[in-house]
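Here is the structure we will look at, set down as structure tokens.
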Amino acid sequence: MSNRSSATGLVARSVPRLEGRVRAPGDKSVSHRALMIGALALGETTVRGLLEGEDVLRTAAALRALGAELHHDGERGLWRIRGFGVGGGREPADVLDLGNSGTSTRLLAGILASHPFTSIMTGDASLRGRPMKRVTDPLGRMGARFAGREGGRLPLAIIGTDEMLPIEYRLPVASAQVKSAILLAGLNTPGETTVIEPEATRDHTERLLRHFGAEVHVAPAEGGGKRSTVVGWPELKARDIVVPGDPSSAAFAVVAAAIRPGSDVTIENVGINPLRAGLYRTLSEMGADIMFENRREVGGEPVADLHVRGGCLRGIEVPAERAPTMIDEYPILAIAAACAEGTTHMTGLAELRSKESDRLASVAAGLQANGVRHEMGADSLAVHGTGAAPAGGGLVATHLDHRIAMSFLVLGLATREPVAVDDGSPIDTSFPGFAALMNQLGARIGPLAGTVTAVPQSGSAAGAA
């Protein structure tokens, strides 16, 4: 895990087209969950294709502190886990530093809450600024206690218990992380623990729990949404897992190819779970030429090779109910919209306010810095594309957010002037080797020389810089 105390700026320059064939890195969401559920199982679990980014390595370190044995087996992405079983973790001897990983923090909170000891979680400046009450409130109803900063922010002490109470909890806002935290806590809880979502979110936790032997029931909820129930005190048994490619990571190469006419790019091994594929549906509606080739199943997840040909995109209305299936992809969708002809309206984006940064404001500020007309609302974004190359020339403040950094580097491949980001080091949290992979396709992404200081942008203006 790297020390990101000094910013490393990156810059992207326009290219005429992209072409080639690359393989998507392992899915970050599945990688986190594979390690956690493997640690809760008895026996030795083998994981292939694990994403070895900083966020996932933080999860691995935390699970070691709880008593799981995790070994990297030499081959890239190959890990072996000997678990401690449901409720069998030990009290960590030190504070759990989860870096920039919100997924690690929220999901581990569910595991820690259902153990009879005290643990403390912290992270970097970005993670310490993110609200955790959405997780601590339902876990508190189950019997755990928490002591943290205002809003439940980190550092956060978790006073867990092995006498958790099962609950039926209706999520006020759809969130796969909050749902997963409650279901993981429900493993060491008697009876049935149920989460009701207003809209269905990614279901990797439910799929993997079933894979390891848990009893999980999923059904439509009355009035819409989804109802997920886990039956407590299962004996999870070690299983082998193959991690599919990450659709969120593949999205950067897909959009980069789609916005450069003449491009011809194939991204192999991309997960196309329907609860994660909202971006690809949206891009297709915008006119992107995307073909799903060699469809198959990997580790219980649907997978395909995405063949993308560049062309002209048009602005569309993106329905709010699609947000849970593409919540991490709105920054890169905004880049596609900036290069499209016409206006793209995105609504239902409130969840973006609670990501690694206020991701909605960060996207709007980056667009403004690069001459892209837009309007930002409390949970909406409208991007006005002209069909011509955006101006570019801006320096974007990433606020330690990997997706902001990667998205605006993709924009720089299509703008009249280069686009720079003030800090590219957070990219390694989710996509180590991003610049090298993109450059393999013909991108021009490299270090930004000199002192890097991004001018703060309000993100609320409608016009361009």
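Keep in mind that what you see is a predicted model, and the values were worked out from it rather than measured.
- Between the side chains of T205 and K179, no donor-acceptor pair of N or O atoms lies under 3.5 Å.
- Of the possible donor and acceptor atoms, one in the side chain of R33 sits under 3.5 Å from a partner among the backbone N and O of S29.
- Using a 4.5 Å cut-off on side-chain heavy atoms (C-beta onward), I167 and T189 make no contact.
- Across A39 and L63, no two heavy atoms sit closer than the pair CB-CD2, 3.9 Å.
- From H32, atom NE2 reaches atom OG1 of T59 across 4.5 Å, with rounding to the nearest 0.5 Å.
- Under a 3.5 Å cut-off, the side chain of R153 and the backbone N or O of E150 do form a donor-acceptor pair.
- Salt bridge status for R322 with E285: present, with a side-chain N to carboxylate O gap under 4.0 Å.
- A donor and an acceptor atom, one from each side chain of E91 and S119, are nowhere located under 3.5 Å apart.
- L112 and M121 get closest at one heavy-atom pair: CD1-SD, 3.9 Å.
- Between the side chains of E192 and H217, no donor-acceptor pair of N or O atoms lies under 3.5 Å.
- The distance from the CZ atom of F434 to the CG atom of L10 is 8.5 Å, given to the nearest 0.5 Å.
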Requested in this report: Would you please test I427 and L409 for side-chain contact (heavy atoms from CB on, under 4.5 Å) and show each step?
Outcome: CA-CA 11 Å; I427 292 172; L409 290 171; 4.1 Å; yes
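- Using a 4.0 Å cut-off between charged side-chain N and carboxylate O, D73 and R48 make no salt bridge.
- Judged as a side-chain contact (heavy atoms from CB on, under 4.5 Å), and not counting sequence neighbours, the contacts of I120 are V95, A157.
- Looking only at side-chain heavy atoms (C-beta outward), R106 and L98 stay at 4.5 Å or farther from each other.
- Put simply, the side chain of H399 does not reach to within 4.5 Å of the side chain of D358, judged on heavy atoms.
- A 6.0 Å sphere centred on CZ of R76 holds no more than 12 heavy atoms belonging to other residues, nucleotides or ligands.
- Side-chain contact between S126 and D401 is absent, with no heavy atoms from C-beta onward closer than 4.5 Å.
- If you check the side chains of S430 and H402, you find a donor sitting under 3.5 Å from an acceptor.
- Considering all non-hydrogen atoms of both residues, L283 and A336 come closest at CD2-CB, 3.9 Å.
- W79 places none of its side-chain heavy atoms less than 4.5 Å from the side chain of T45.
- Checked against R276 for a side chain to side chain donor-acceptor pair (under 3.5 Å), the options H204, E329, E301 give a single hit: H204.
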Query - D27 and L51: CA distance, side-chain angles, deciding distance, side-chain contact (heavy atoms from CB on, under 4.5 Å) verdict - result: CA-CA 6 Å; D27 189 292; L51 176 69; over 6 Å; no
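- The side-chain heavy atoms of L42 and E235, taken from C-beta on, include a pair separated by under 4.5 Å.
- Distance OG/S249 to NZ/K28: 8.0 Å, rounded to 0.5 Å.
- Note that CZ of R23 and CD of E268 are 6.0 Å apart. Values are rounded to the nearest 0.5 Å.
- In this structure a side-chain-to-backbone donor-acceptor pair under 3.5 Å is present from E52 to G77.
- Note that CD of Q440 and CZ of R21 are 12.0 Å apart. Values are rounded to the nearest 0.5 Å.
- When side chains are defined from C-beta on, M286 counts as touching L333, because their heavy atoms get closer than 4.5 Å.
- Shortest non-hydrogen contact noted between S175 and T201 is N-CG2, 3.9 Å.
- A donor-acceptor distance shorter than 3.5 angstrom exists from the side chain of R128 to the backbone of G123, with no hydrogens or angles considered.
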Report task. Could you walk me through whether V363 and Y330 pass side-chain contact (heavy atoms from CB on, under 4.5 Å), step by step? Result -> CA-CA 9 Å; V363 169; Y330 280 104; over 6 Å; no
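- For the pair D328 and R202, the salt-bridge criterion is met [side-chain N within less than 4.0 Å of a carboxylate O].
- Although no hydrogens or angles enter the test, the distance criterion places a donor-acceptor pair under 3.5 Å between the side chain of R149 and the main chain of L154.
- Looking at R403, its side chain never comes within 3.5 Å of a backbone N or O of I332 through a donor-acceptor pair.
- Other residues, nucleotides and ligands contribute only 12 or fewer heavy atoms inside 6.0 Å of the CZ atom of R281.
- Here the side chain of D246 pairs no donor or acceptor atom with the backbone of G271 at under 3.5 angstrom.
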Report task. Check step by step if side-chain contact (heavy atoms from CB on, under 4.5 Å) holds for L187 and W233. Result -> CA-CA 5 Å; L187 292 174; W233 292 345; over 6 Å; no
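- The backbone N or O of T194 lies less than 3.5 Å from no partner atom in the side chain of R227, so there is not a single donor-acceptor pair.
- Residues P92 and F117 meet the side-chain proximity criterion, which asks for heavy atoms closer than 4.5 Å.
- Here K226 does not pair with D203 in a salt bridge; the nearest charged N to carboxylate O distance is not below 4.0 Å.
- Of the possible donor and acceptor atoms, none in the side chain of R295 sits under 3.5 Å from a partner among the backbone N and O of A304.
- Donor-acceptor pairing under 3.5 Å is lacking for the side chains of T122 and D97.
- Classified by interplanar angle (parallel below 30°, tilted 30° to 60°, perpendicular above 60°), the ring pair F431/F252 is tilted.
- Residue L40 comes nearest to I111 through the heavy atom pair CD1-CD1, 4.0 Å, listed as atom of the first residue, atom of the second, then distance.
- Across every non-hydrogen atom of T347 and A320, the tightest pair is OG1-CB, 3.4 Å.
- Rounding to the nearest 0.5 Å gives a distance of 4.5 Å between CG of L208 and CD1 of I37.
- Taking a 6.0 Å sphere around CZ of R296, one finds it holds more than 12 heavy atoms contributed by other residues, nucleotides or ligands.
- The backbone N or O of E75 sits less than 3.5 Å from a side-chain atom of H72, completing a donor-acceptor pair.
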